[in-house]
There are 4 protein chains.
Amino acid sequence: MNGAQERPLRADAARNRARLLDAATEVFTTRGIATPTEEIARAAGVGVGTLFRHFPTKEALLEAVMVRRLEEIATTTAQLAADAERPDGDSGDGSDGSGNGGAFFAAFRVVVDRSAGKDEFTRALAAAGVDAHAALHASGTAIREHLARLLAAAQRAGAVRREVGLAELFALLVGTTTAVEQLQDDPAARERVFTVVFDGLRPH
Amino acid sequence: MNGAQERPLRADAARNRARLLDAATEVFTTRGIATPTEEIARAAGVGVGTLFRHFPTKEALLEAVMVRRLEEIATTTAQLAADAERPDGDSGDGSDGSGNGGAFFAAFRVVVDRSAGKDEFTRALAAAGVDAHAALHASGTAIREHLARLLAAAQRAGAVRREVGLAELFALLVGTTTAVEQLQDDPAARERVFTVVFDGLRPH
Amino acid sequence: MNGAQERPLRADAARNRARLLDAATEVFTTRGIATPTEEIARAAGVGVGTLFRHFPTKEALLEAVMVRRLEEIATTTAQLAADAERPDGDSGDGSDGSGNGGAFFAAFRVVVDRSAGKDEFTRALAAAGVDAHAALHASGTAIREHLARLLAAAQRAGAVRREVGLAELFALLVGTTTAVEQLQDDPAARERVFTVVFDGLRPH
Amino acid sequence: MNGAQERPLRADAARNRARLLDAATEVFTTRGIATPTEEIARAAGVGVGTLFRHFPTKEALLEAVMVRRLEEIATTTAQLAADAERPDGDSGDGSDGSGNGGAFFAAFRVVVDRSAGKDEFTRALAAAGVDAHAALHASGTAIREHLARLLAAAQRAGAVRREVGLAELFALLVGTTTAVEQLQDDPAARERVFTVVFDGLRPH
DNA sequence: GATGAATGAGACTTCATTCAT
DNA sequence: CATGAATGAAGTCTCATTCAT
């Protein structure tokens, strides 16, 4: 959709952009998305003007933070998806009667772990009238694709029930993230949440 | 220290308070919690002053809305918990093809259905520095108690795996709510989410 | 100017009026004139409505408080003025070369002592666009008259310099009040202020 | 803890700060301290935001206005105090018909003239819970010191009674200011007030 | 006649965004 | 290109006054 507007970007400008993104990620996560723009500029060690040169809107900054997170996650899921599709993908001999879908469940965990705090951004964007799904299409679909492939592979291997579709997989991903966020101080309970969800995903 | 502050409340005052709460619930849910206070007053058909007489702070209003929701939910879960504990509680003779724990799963659905939008409030309050858990203790524990009883009954009846504790039940409740919110336009997928979670909760 | 509008006032109404005046005097003095009207009503043990029935405006209440204070002062100065005019007025045989004007200086002290905090009211009224002098004419002139008589007597007796007029006497009264208010914790210094002003008033 | 916070201040910022201070002095004095903040911003030709960038609180603005006034007064009194201490300080050989202590009385007049309206600020700050004395210590003590030196010099020269201390000098300064403010339209009476106070201060 | 809930103008302050330096 | 001061719309809350109970 937008493939021609990425200019090389001067060295210092690129450095500032990165700093801003880091600072924003940190600040939004710890102090909430209502934190004043100026705070973020300060945390990044630049002036507000610079911030607005890079991100014409606070919303745009929010979006960029989210995109970067998703891109990072996408990198990991891509790796896992690739592994899962190798001849002897997943793991073991495939004779495992329960199937196993190791890569699929590993990816599920990665997404959940990396998404901590993410849905606050989604909500914020939604509240701001942005269609997050559309805005994040570019990198969002990368994950979507990888997950689709992982899901298909896991279903083929009999590790995941056939009726589960991509839509509810996404919903479950988000939901599990939220659930897990509530249990930050209770790792055992956290683990039991994964157990429930994963068992629920297996064929019955 | 505060034993005499709950006065009967004049008729009109009570009516306005209720209107305010209704309007706030409606407006916060549809237009987001960032909606100006004045909007809510207008929606309730009163002046801002009245709003602030009843709820000295926007945060206090948010809290009151949440408390009321929880109270409503508590009423329903209380009923279900009571049913589940009757001699022949739950679904009777076990011949019930769907297995038992019916009251438990029914309560789970009720809480999820009634909680739509609720966790946005929780977040908002948290961001505002309010300890929602503390603030909501009174009615919060009512639900907590009912759910604890339902959970125990369901586990006794063999409908829910023994290792599941109250903490993760709550987390799953919140997580499922979030998941389901993402699927408002796809009832079938919504249903499949419930299937996954419920199956995951059953003994394996 | 308004001699026909004073109705007898029912017993309880009169009691409420008095209570309000007392409470207002107390509250305005201790917490400042910016104190909400409601506070005063509460201090008086009545509802705001009652307050506004008696005093149609906050300003009117302020004014009434001031008037009452002045009336109290007027009562005292009237007594002193009367004393000063008796044949053998003032004191002693009149042969006192320095004159003495005891009543005059006594009145000066009384006014100053009784006026503590008063000028905040004057300022407040002035700021509110009220011509305090006009508003307070009724009882204000009572004091004015008594002081004029005392001043004249003291000048006749040679106790006060002839060139001093009523205008600067008033200004000095207010000024000395202010000065003395600054020295509440230093009675000796307070006394020295009186010494300076009184000596300055004597013929030179 | 705060050693680096006084930055040079950009040219335009400094200009705006000065304008704001001028406008505030003017507006507070003529229209009272209850004047809306926005009015002051308008009078200074800047937006409200600018005002609040410079003075984070209305109270802070009030304080700054007061500090600046005191600083101006301090400059003048410093000059007078220095003059009074030169070998042949004050008025020289004593042949000066007006007697001596000239610098002292000149300073007294300067402070009074420059203080018009000042104590309204003091009151406002006090009402707002600010310890004006503490807040104004820096420049406040400058004046205090100069006046102490002037007082000592005048007493040494026999122009002022020995028993007068700094405390009552201050009280008289404030009191005379108040007195004089009442007589704005009657310069002759104003002058007589000075005569009374000054004569009262001379040895008796 | 008393009460206190309701009203709403207006106060103070914040913050995303623009623009002179 | 970076900076941070300026902007002003908008938000939350207060309080004198009115009016239903």
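The sequence lines fix the lettering, A, B, ..., with proteins before strands; numbering per chain opens at 1.
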Quiz item: Between F:dA16, F:dT12, E:dA5, which nucleotide has the shortest distance from any of its atoms to the side chain of B:Ala13?
Solution: E:dA5

Practice problem: Provide, to the nearest angstrom, the distance between the CZ atom belonging to B:Arg19 and the P atom belonging to E:dA5. | Solution: 17 Å

Exercise. Check the distance between F:dT7's P and D:Ile40's CD1 and give it to me in whole angstrom.
Key: 15 Å

Quiz item: Roughly, in whole Å, what's the span from CZ in B:Arg42 to P in E:dT7?
Solution: 13 Å

Quiz prompt | Along DNA chain F (nearest heavy atom to each residue), the more 5'-positioned of D:Gly45 and C:Thr57 | solution = D:Gly45

Quiz item: Should the heavy atoms of other residues, nucleotides or ligands under 6.0 Å from CD of C:Glu72 be counted, would the total exceed 12?
Solution: yes

Quiz item: What's the shortest heavy-atom distance between C:Thr25 and C:Arg69, and which atoms?
Solution: CG2-NH2, 3.7 Å

Quiz item: Are OP1 or OP2 of F:dA5 and a side-chain N or O of D:Asn16 less than 4.0 angstrom apart?
Solution: no

Got a list of protein N/O to nucleotides 8-11 of chain F N/O distances below 3.5 Å?
{"residue": "F:dG8", "atom": "N7", "partner": "D:Gly49", "partner atom": "N", "Å": "3.2"}

Quiz item: Got a second to check how far C:Leu61's CG is from C:His54's NE2, nearest 0.5 Å?
Solution: 11.0 Å

Practice problem: List the atom of D:Val27, the atom of D:Ala43, and the distance in Å for their closest heavy-atom pair. | Solution: CG2-CB, 4.0 Å

Quiz item: Between E:dC15 atom C1' and A:Ile33 atom CD1, what is the distance in whole Å?
Solution: 15 Å

Quiz item: What integer distance in Å separates D:Glu39:CD from E:dA11:P?
Solution: 8 Å

Quiz item: Any side-chain N or O of D:Arg53 less than 4.0 Å from the OP1 or OP2 oxygen of F:dA5?
Solution: yes

Quiz item: Hey, does the side chain of B:His54 come within less than 4.0 Å of E:dA6's phosphate (OP1/OP2), counting only N and O?
Solution: yes

Quiz item: To the nearest angstrom, how far is B:Arg17 atom CZ from E:dA6 atom P?
Solution: 11 Å

Self-check item: Residues D:Glu39, D:Arg42: salt bridge by 4.0 Å N-O rule
Solution: yes

Quiz prompt | Paired stretches of DNA chain F - 3 or more consecutive Watson-Crick or G-U pairs, each distance under 3.5 Å | solution = E:2-21 with F:2-21

Quiz item: Atom NZ in C:Lys58, atom CZ in C:Phe28: separation rounded to 0.5 Å?
Solution: 5.5 Å

Quiz item: To the nearest Å, how far apart are A:Glu59 CD and E:dT17 C1'?
Solution: 14 Å

Quiz item: Salt bridge check: are A:Arg19 and A:Asp12 linked by an N-O gap of less than 4.0 Å?
Solution: no

Quiz item: Do you know which two heavy atoms are closest between C:Ala64 and C:Phe55, and how far apart they sit?
Solution: CB-CE2, 3.6 Å

Quiz item: Quick one: D:Phe55 CZ to F:dA6 C1', roughly how many Å, whole number?
Solution: 15 Å

Quiz prompt | Shortest non-hydrogen contact between D:Ala41 and D:Leu51, atoms and distance | solution = N-CD1, 3.9 Å

